[in-house]
Amino acid sequence: MWVEYYQIDALNQNPIGGISEDADFLGTRDDLTSIDAATSGSPRLPTRREITALVGQVFVPVWLRENS
């Protein structure tokens, strides 16, 4: 994990216990589809007009996180 690699003591620097509310994955559109199916999220794929290296995003409703 990058926190260990850079020797960051995340709990002392951020007493809330988290660094961000998201997770980044390196993958393809097929991976995005799999994550979407596993989390019951909703995918967002960039349009062809958007110039980006981003494959896509999966938004997971907060209520799913709170009830799991």
Those residues at least two apart in sequence (or on a different chain) that pass salt bridge (Lys or Arg N to Asp or Glu O under 4.0 Å) with Arg44 are Glu50

Locate the shortest heavy-atom distance separating Val55 from Gly27; write the atom from each residue and the value.
-> CG2-O, 3.5 Å

Taking all non-hydrogen atoms of both residues, which atom of Leu45 and which atom of Arg29 are closest, and how far apart?
-> CD1-NH1, 3.4 Å

Heavy-atom pair of closest approach, residues Val58 and Ile35 = CG2-CG2, 4.2 Å

Where is the tightest heavy-atom contact between Pro46 and Gly56, given as atom of each residue plus distance?
-> CD-CA, 3.9 Å

Going through the checks in order, is the side chain to side chain donor-acceptor pair (under 3.5 Å) test met by Ser34 and Asp31?
-> CA-CA 5 Å; Ser34 295; Asp31 297 319; 5.4 Å; no

Closest non-hydrogen atom pair, Gly41 against Asp36 | O-OD1, 2.6 Å

